[in-house]
Engineer: 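The structure that follows is given in the form of structure tokens.
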Amino acid sequence: MSVKDKVVVITGASSGIGEASATLLAQNGAKVVLGARREERLKQISDAIIEKGGQAAYRVTDVRNPDDLKALVSLAKNKFGQIDVIFNNAGVMPNSPMSALKTDDWNLMIDINLKGVLNGIAAVMPDFVAQKHGQIITTSSVAGIKNFTGAGVYGATKYAVRNVMEVIRMESAEEGTNIRTSTLYPGAINTELLQSITDKATLAGADSLYEKVGISPDAVARVVNFAIDQPEDVNVSEFTVWPTKQA
Ligand code: NDP
């Protein structure tokens, strides 16, 4: 089974990497189910996919709420009859130096980037275990494999999901549940992500880096497509996607 006809739930689908992935996967015949908080954006993206002959559905989803994730997965099953893949992609990056003590931003990142991913995993796990088939893809970051100043807590959430994903891979192999896992480590990708930065100096630094080296979210979408497209006995568990110009 390739990308075609797979039912793929995508969080953070209202812009950036999630939008690009939904669009590409739908072009390749997947049935995509989009979740995020901005309904108007979800509707536009879903309408555009359907207009081009693809299949899509959407539901307003806050990944901090476990019931929202369960409802999104239920929508996938009710509308398209099955659930094959969840792409845990929603995230925010309000970076700042630790000494700035932006504790509200710390908690927001833990709630969305870490607990939000766990909520997505919990929403699909019962079906994936029962059907002995399923794929979990999660967007970590290069900040989940190396340290960046300003990204203390962001990096912590991205290191954490890396651990969770690898342990799911190992446990699934031991338990014989055939759950495939892919963790993505993108570098600077030109999306709306920097809009969540509240610290002025951090924002200026990020803006200047992204302007110099940032690449299109389509680069990550192609990797997501590749991971889903592999045969069932192949689990490509990690991808790092650097812009060629980023050191
Ligand atoms: P965008 O800001 O364009 O997309 C983020 C998405 O997450 C939006 O669709 C947003 O939708 C959604 N989102 C944020 N909070 C929530 C929430 N509480 N519930 C549901 N959805 C939410 O940025 P990217 O596409 O870049 O980000 C996607 C992922 O990629 C993130 O996890 C990010 O950390 C990661 N990443 C990005 C990199 C980059 O350079 N851009 C590099 C490495 C990793 P809405 O506001 O409508 O809810």
Side-chain angles (χ1 to χ4, degrees), residues 9-24 32-46 58-69 71-72 86-95 105 107-120 123 137-146 148 150-151 153-162 165 182-197 202-203 205-221 223-224 238-243 245-246:
V9 165
I10 303 172
T11 69
S14 60
S15 61
I17 292 169
E19 175 181 1
S21 301
T23 304
L24 179 64
V32 292
V33 180
L34 318 182
R37 294 165 302 177
R38 288 170 293 175
E39 182 164 21
E40 195 48 42
R41 297 284 289 266
L42 292 174
K43 183 176 183 321
Q44 276 168 11
I45 295 162
S46 167
Y58 67 90
R59 185 183 191 284
V60 172
T61 304
D62 189 325
V63 295
R64 289 170 290 187
N65 181 350
D67 289 338
D68 278 10
L69 265 311
L72 191 65
I86 187 162
F87 181 20
N88 296 304
N89 169 70
V92 290
M93 190 184 71
N95 282 348
D105 284 345
N107 287 320
L108 190 70
M109 288 187 275
I110 291 166
D111 288 345
I112 296 176
N113 301 0
L114 174 53
K115 290 188 184 169
V117 168
L118 296 176
N119 289 336
I137 303 175
T138 294
T139 312
S140 173
S141 165
V142 291
I145 48 177
K146 64 181 266 184
F148 292 87
V153 176
Y154 180 73
T157 63
K158 297 300 189 177
Y159 268 85
V161 297
R162 177 191 191 191
M165 291 292 288
S182 295
T183 311
L184 313 178
Y185 307 106
I189 310 294
N190 291 322
T191 65
E192 296 173 20
L193 191 69
L194 303 191
Q195 289 176 14
S196 62
I197 301 177
T202 304
L203 177 59
D207 268 339
S208 130
L209 172 74
Y210 277 64
E211 210 171 284
K212 281 191 206 119
V213 306
I215 55 172
S216 161
D218 293 342
V220 183
V223 160
V224 172
E238 299 196 289
F239 291 96
T240 306
V241 186
W242 287 103
K245 289 183 179 164
Q246 185 175 3

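Quantities reported herein were computed from a predicted structural model and do not represent experimental measurements. Both backbone and side-chain heavy atoms feed into the values below; hydrogens, waters and symmetry mates do not. We count ligands from 1, going down the list as the structure has it; atoms in each ligand are counted the same way.
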Engineer: Is the number of heavy atoms from other residues, nucleotides or ligands under 6.0 Å of Glu39 CD greater than 12?
Structural biologist: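 Counting neighbours around CD of Glu39, 12 or fewer heavy atoms of other residues, nucleotides or ligands fall under 6.0 Å, so no.
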Engineer: Does ligand 1 have an atom under 4.0 Å from some heavy atom of Thr11?
Structural biologist: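 It does not; every heavy atom stays at 4.0 Å or beyond.
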Engineer: Hey, is the main chain of Gly35 close enough, under 3.5 Å, to the side chain of Thr11 for a donor-acceptor pair?
Structural biologist: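 Side chain of Thr11 to backbone of Gly35: no pair is present.
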Engineer: Give a yes/no on ligand 1: does Pro217 have at least one heavy atom closer than 4.0 angstrom to it?
Structural biologist: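 Per 4.0 Å heavy-atom rule, Pro217 does not contact ligand 1.
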Engineer: Judging by distance only, is a nitrogen or oxygen of Ser141 under 3.5 angstrom from one on ligand 1?
Structural biologist: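 There is no such contact.
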Engineer: Of the choices Gly16, Ser15, Pro243, which has the non-hydrogen atom that lies closest to atom 4 (O) of ligand 1?
Structural biologist: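 Heavy atom nearest to atom 4 (O) of ligand 1 belongs to Ser15.
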Engineer: Just let me know how Ser14 lines up against ligand 1, side chain, backbone, both or neither, with a heavy-atom cut-off below 4.0 Å.
Structural biologist: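 Both the backbone and the side chain of Ser14 come within reach of ligand 1.
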Engineer: Report yes if Ala36 has an N/O atom closer than 3.5 Å to an N/O atom of ligand 1; otherwise report no.
Structural biologist: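 Among all N and O atoms of Ala36, none is under 3.5 Å from an N or O of ligand 1.
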Engineer: Out of Tyr154, Tyr210, Tyr185, who is nearest to atom 40 (O) of ligand 1 when you count heavy atoms only?
Structural biologist: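 Of the listed residues, Tyr210 has the closest heavy atom.
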Engineer: Taking a cutoff of less than 4.0 Å between a non-hydrogen atom of the residue and any ligand atom, is Met93 in contact with ligand 1?
Structural biologist: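 Flag not set, Met93 not near ligand 1.
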Engineer: With a 4.0 Å cut-off on heavy atoms, is Gly35 touching ligand 1?
Structural biologist: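 Not so, Gly35 does not reach ligand 1.
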Engineer: Give yes if a backbone or side-chain nitrogen or oxygen of Ile189 is under 3.5 Å from a nitrogen or oxygen of ligand 1, and no if not.
Structural biologist: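 Checking ligand 1 against Ile189, an N or O pair does fall under 3.5 Å apart.
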Engineer: Would you call Ala143 a ligand 1 contact, heavy-atom distance under 4.0 Å?
Structural biologist: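 No, Ala143 has no heavy atom closer than 4.0 Å to ligand 1.
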Engineer: Taking heavy atoms and a distance under 4.0 Å, where does Ser140 meet ligand 1: side chain, backbone, both or neither?
Structural biologist: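 For Ser140, the contact with ligand 1 is made by the backbone alone.
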Engineer: Should Gly18 be counted as touching ligand 1, given the test is an N or O pair under 3.5 Å?
Structural biologist: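 It does not: no N or O of Gly18 is found under 3.5 Å from an N or O of ligand 1.
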Engineer: Touching ligand 1 at all, Glu19? Heavy atoms, strictly under 4.0 Å?
Structural biologist: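 For ligand 1, residue contact (heavy atoms, under 4.0 Å) with Glu19 is absent.
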